[in-house]
Each structure stands twice: as C-alpha cells, then as structure tokens.
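Read the numbers this way: they start at 1 and go in the same order the structure lists the ligands and their atoms.
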Amino acid sequence: MTNADGLTDVRERIAAAERTAGRAAGSVTLTAVSKTFDADAIRPVLDAGQRVFGENRVQEAADKWPALREEVGDVELHLIGPLQSNKAADAVSLFDVIESVDREKIARVLAGEMSKQGRFLPVHVQVNIGDEPQKAGIAIAETVDFVRRCRDEHGLNVEGLMCIPPFEENPGPYFALLGELADDCGLEKRSMGMSGDFETAIAFGATSVRVGSAIFGTRPRQAAND
Ligand SMILES: *Cc1c(COP(=O)(O)O)cnc(C)c1O
C-alpha cells in the first residue's frame, strides 16, 4: 500500500465511523502524524490533499517542514509531543497548534513567546488520562483548574483537550472521560485516537484523530516518547 492509499483508507474509515456514530460527515479532522518520515514519504500525502499534520519533535519538524511548506503553502502543523521550555520559541514560530501543554511552566513560557512573536496559537491541554506515573499530561484532578489558569492567568487560547490512553487497555472509558473533562472545561475539541483506536475515539466524540502508521506504515522505533 502506498502512503496515498493509506490516506484514502484512513479517510474512508473515518467517514464510516462518523456514520456509525451518527455524527455529521466531516465532523472529525484527520491529523496525519508524519514523525520519523521524510519529505519523500510525506509528499504523496500532501499531493492527495491532506493539509493537517502532526509532529512530536520540534527539531525534526524544523528540519522537514519549512521546505515542504514552500512547496504547498497552506499546511496546518500540530505539535503533539512533549515540549521543553528551551524549544518554546522555535515551537511557536514553526507550529500552528500546540496540543501538548501540560504544566504551568510551559504554559507561562509559551504565552510569553506568543506575545513576543505576535503569534497567538490555539493550544490543547494534554491530560494524563490513565493517571500513569511515567506519562506526560496534567493530572485528571487538576485539569479543570489548569485550563482555567491557562486562559485567565496566561491568556492562552485553549481550544481543546488531548490524551493518549494507556496502551493495551480498552481505550473507550478513557475517551469517555476526556469528553467529560472537556465538557467540564467548556471546551469543544477533543484530540484523541491513533492508528489502533481512532474509530473507537470517534464513537466517543473525538473531534480530531492523530493517525500515523495507518497512513505512513510502520515506524522505525524512536528512542523516547513513542
Ligand atoms: C506517534 C503519535 C501518534 C500516532 O500514532 P500511530 O499509532 O502511528 O497512529 C498519535 N499521537 C501522538 C501523541 C503520537 O506521538
């Protein structure tokens, strides 16, 4: 299967999952996760009309995307991986949405960079939905208050929540919980679901799904956060 075929297949599965869930056609955005794949692998997916992409490392995105953007223009690039404060300036200039805001310090540093650059990006707050000690994300119990502080104290444009459920568990209850938390925060957007579980996520109200390997094929193993 080529990457363009992978994209077509994922688009069809998203449309089918929308129908099954009784949701409007086109209500779920596909974020194509291109981490570890080079420009030659990404180009066919751009040629097939995909415009929303996710990357999990600032440096890797900086190496790949400025040239690809010159070729196609209107790409929307999402940061979906952990962000260190020393990379915040690059992240703000390179990305269009930051989905991985998960602690006070990064909220403050991002807000400062956005003011400095005059680029006020929408952000998502990442929730550690399985309360796993090793995993990124704000604790469930702190989510509502953290979202409030991101908005009121830091002036961030929080538009949704993002999560990665624990691996090898039924993800449905975690997706349901993210939906409840988003409701509690008064947020519309829920970024949840990956190659193995995006149909389930759509059934539980995902407004965007982050799909990598089902489009691009199996990734070489990454050292961290994969
Ligand atoms: C890699 C990654 C994905 C995509 O994973 P696949 O299983 O390849 O679809 C989605 N979200 C995040 C945060 C990721 O790091």
To the nearest 0.5 Å, atom CD1 of I138 lies from atom CZ of R149 at 6.5 Å

If we number the atoms of ligand 1 from 1 as shown, the ones under 4.0 Å from a heavy atom of I164 are 13 (C)

Closest non-hydrogen contact found for S100 with Q126 is CB-OE1, 3.5 Å

Near R210 (heavy-atom distance under 4.0 Å), the atoms of ligand 1 are 4 (C), 9 (O), 10 (C), 11 (N), 12 (C), 13 (C)

Purely on distance, is any nitrogen or oxygen of G212 under 3.5 Å from one on ligand 1?
yes

Determine whether T207 and E188 satisfy the following criterion, side chain to side chain donor-acceptor pair (under 3.5 Å), listing intermediate values before the conclusion.
CA-CA 8 Å; T207 59; E188 290 296 325; over 6 Å; no

Step through it carefully: locate the ring centre of W65, locate the ring centre of F53, and say whether they are under 6.0 Å apart.
yes

Does some non-hydrogen atom of R219 fall short of 4.0 Å from ligand 1?
yes

If the plane angle is over 60° it's perpendicular, under 30° parallel, otherwise tilted; pick one for F175 and F204.
tilted

Going by the order shown, which atoms of ligand 1 are within less than 4.0 Å of some heavy atom of S195?
6 (P), 7 (O), 8 (O), 9 (O)

Where ligand 1 meets V211 - atom numbers and elements under 4.0 angstrom, heavy-atom basis
9 (O)

